[in-house]
Amino acid sequence: MRRPRLTPDDRQIGRLAVPAFLALVAEPLFLLGDAAVVGHLGTRELAGLGIAGTVLQTLVGLCVFLAYGTTAGVARQLGAGRRDAALAQGVDGLWLAVAIGVPTTVAGILLTGPMVAALGPGAAVADQAETYLRVALLGVTPLLLMLAATGVLRGLQDTRTPLVVAVAGNALNLILNVLLVYGVGPLPHLGIAGSALGSVLAQVASAAALVLVVVRAARREGASLRPDAPGIRTAARAGVPLLVRTLTLRASLLVTTYAVVLSAQTATDEAVPIATHQLAMTIWGFLAFVLDAIAIAAQALTGRHLGAGDAEAARGVTRRMVGWGVVTGVVTGLGLAAASPVLGVLFTTDDDVRRALVPVLLVAALAQPVAGVVFVLDGVLIGAGDGRYLAWAGLAVLGGYAPVVLGAAVVTDDWVGGGLPWLWAVFALVFMGGRFLTLTRRAAGDRWLVTGAGR
């Protein structure tokens, strides 16, 4: 059988996507290590870490536009042959990260108590969560700098440097966690606060390494390192639509979880469907890293081609990436379907949850090829600087999906096979289907194909 011939576009996609994927999976894998370290302190500490981690990930996750928007802008300037302007725009992104990070840190520390209380933990767990969060918030600015610097490097078509820093930084994080949590040698025993401090120190080191790479590149090109107020304002304005897009995605996932909780009230044991949904979402999120890696390549390559004024090349590489998205979605879908009977064993000893997980994962498996197209086209339009459309499309999908999934939650107890697989079918058909329709419709037209260094 003849092997499929790889095109130059395929090689570019692989060169960017493979390191991006490895960098994406490095973070959750090492976070599992953090949980293992803290977990040995006790259940309350582990629960506190979970609460604090949710708050912290939400704050930082909303600022992912620092990476996405910077990637698109830098790639456009690079494609236009203006490497100095690309790096100047990247430096503006770094200053924007500082401008957001510092007040967020101050406000977060002052509001630590109310933010933890909003999630409703008991007093013992809340105490541990607040202890961790007050220290961990000192790492917000370094984390945002990491996002912005990673976006600059992706825009420069470099996904290997972020990979190296991610692996080294997370390894350092794990080592520091052990040393500071348990007080090895002359170091004090800091408990859960030591875990937070170890993470902050590792984040500072990682941010410093990435920023240093960007600063050196900027100096080579003669780009200014001083804060440029108009440039920072431009970066902030470009980030607003991407922030709205991110909010709509997170809101859709929250609505889904609420629908599951609502539906679970009629179950014999409401904990079973809720736990099953959480496991299914965890697995779905991990598979999303595979597809998101191609989306990162899409951001960088689309921005570069449009910056170079080559709309036809942008279309061509989009077709190839959509093809790879479909293939990857089929592979992950088949793998998920095959593994669905045994995956539950890895996460729980509850036989009811294991049995309930299988049909949900089969629904998720069927949705993988659609997810492959959605992730790729999302990356393409981000790379094209089409954030405003993505924001409006996200609001439209959320507006259509929320009432449908909440309505389904009310009636699913009467459906054959239980409610959770049907809710996941609604998630796949309405939410993912809605994103598929809005993105493919946009990609089929020409309005996103705006060429030149600026948009």
Side-chain angles (χ1 to χ4, degrees), residues 28 31 47 49-65 68 104 108 111 114-121 125-126 129 133 240-267 270-289 291-292 356-357 360-361 363-364 367 370-371 374-375 378 390-412 419-436 438:
L31 285 176
L49 175 64
I51 295 292
T54 299
V55 174
L56 195 62
Q57 288 169 16
T58 299
L59 291 175
V60 176
L62 291 176
C63 296
V64 72
F65 66 86
Y68 290 171
T104 299
L111 297 173
M115 288 191 296
V116 170
L119 295 174
V125 171
L133 190 57
V240 170
L242 294 178
L243 174 61
V244 173
R245 163 201 166 272
T246 302
L247 285 170
T248 62
L249 295 180
R250 289 188 174 270
S252 296
L253 296 179
L254 286 173
V255 167
T256 305
T257 300
Y258 180 74
V260 171
V261 174
L262 188 64
S263 174
Q265 293 174 358
T266 61
E270 68 174 2
V272 171
I274 295 173
T276 303
H277 173 72
Q278 180 59 39
L279 290 181
M281 270 298 175
T282 299
I283 295 167
W284 174 276
F286 181 80
L287 293 177
F289 287 136
L291 305 176
D292 206 28
L357 186 62
V360 175
L361 293 184
V363 174
V370 172
V374 166
F375 275 64
D378 195 49
L390 291 173
W392 284 111
L395 289 169
V397 172
L398 174 61
Y401 171 64
V404 174
V405 74
L406 292 174
V410 177
V411 300
T412 47
L420 191 57
W422 291 104
L423 289 177
W424 267 76
V426 173
F427 173 77
L429 290 172
V430 182
F431 176 64
M432 294 305 297
R435 294 189 70 199
F436 179 88
T438 56

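The residues of the chain are indexed from 1 along the displayed sequence. Since the structure is predicted, the reported quantities are computational estimates derived from the model, not experimental observations.
Going from atom CG of Leu423 over to atom CG of Leu406 covers 9.5 Å, rounded to the nearest 0.5 Å. The line from OG1 of Thr438 to CG of Leu395 is 11.5 Å long, rounded to the nearest 0.5 Å. In this structure, the separation between CE on Met432 and CH2 on Trp424 is 10.0 Å, given to the nearest 0.5 Å. For the atom pair CG (Leu254) and CG (Leu249), the distance works out to 11.0 Å, reported to the nearest 0.5 Å. Leu243 contributes atom CG, which lies 6.0 Å from atom CZ of Phe65 (distance to the nearest 0.5 angstrom). How far CZ of Phe375 is from CG of Asp378: 8.0 Å, rounded to the nearest 0.5 Å.
Remark: Thr104 pairs with Ile100, Val140 by the side chain to side chain contact (heavy atoms under 4.5 Å, CB included) rule, at least two apart or across chains. Scanning for ring-ring contact (aromatic ring centres under 6.0 Å, His included) contacts around Phe431 gives Tyr401, Phe427, with sequence neighbours left out.
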(request) Test Arg250 against Leu62 for side chain to side chain contact (heavy atoms under 4.5 Å, CB included), laying out the working first. (result) CA-CA 9 Å; Arg250 289 188 174 270; Leu62 291 176; 4.0 Å; yes
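Applying the side chain to side chain donor-acceptor pair (under 3.5 Å) test to pairs two or more places apart or on separate chains, none has a residue in residues 390-399.
Looking at every heavy atom in both residues, Ala428 comes nearest to Ala367 through CB-CB, 3.8 Å. Listed here is the closest heavy atom pair of Ala280 and Val360: CB-CG1, 3.6 Å. Heavy-atom minimum distance, Thr256 versus Ser252: OG1-O, 2.8 Å. Counting all heavy atoms, side chain and backbone alike, Ala129 lies closest to Val116 at CB-CG1, 3.9 Å. Considering every non-hydrogen atom in both Leu398 and Ala251, the closest pair reads CD2-CB, 3.9 Å. When all heavy atoms of Ala408 and Val426 are compared, the pair lying nearest together is CB-CG2, 4.1 Å.
Proximity of Val430 to Val405: side-chain heavy atoms (C-beta onward) are nowhere separated by under 4.5 Å.
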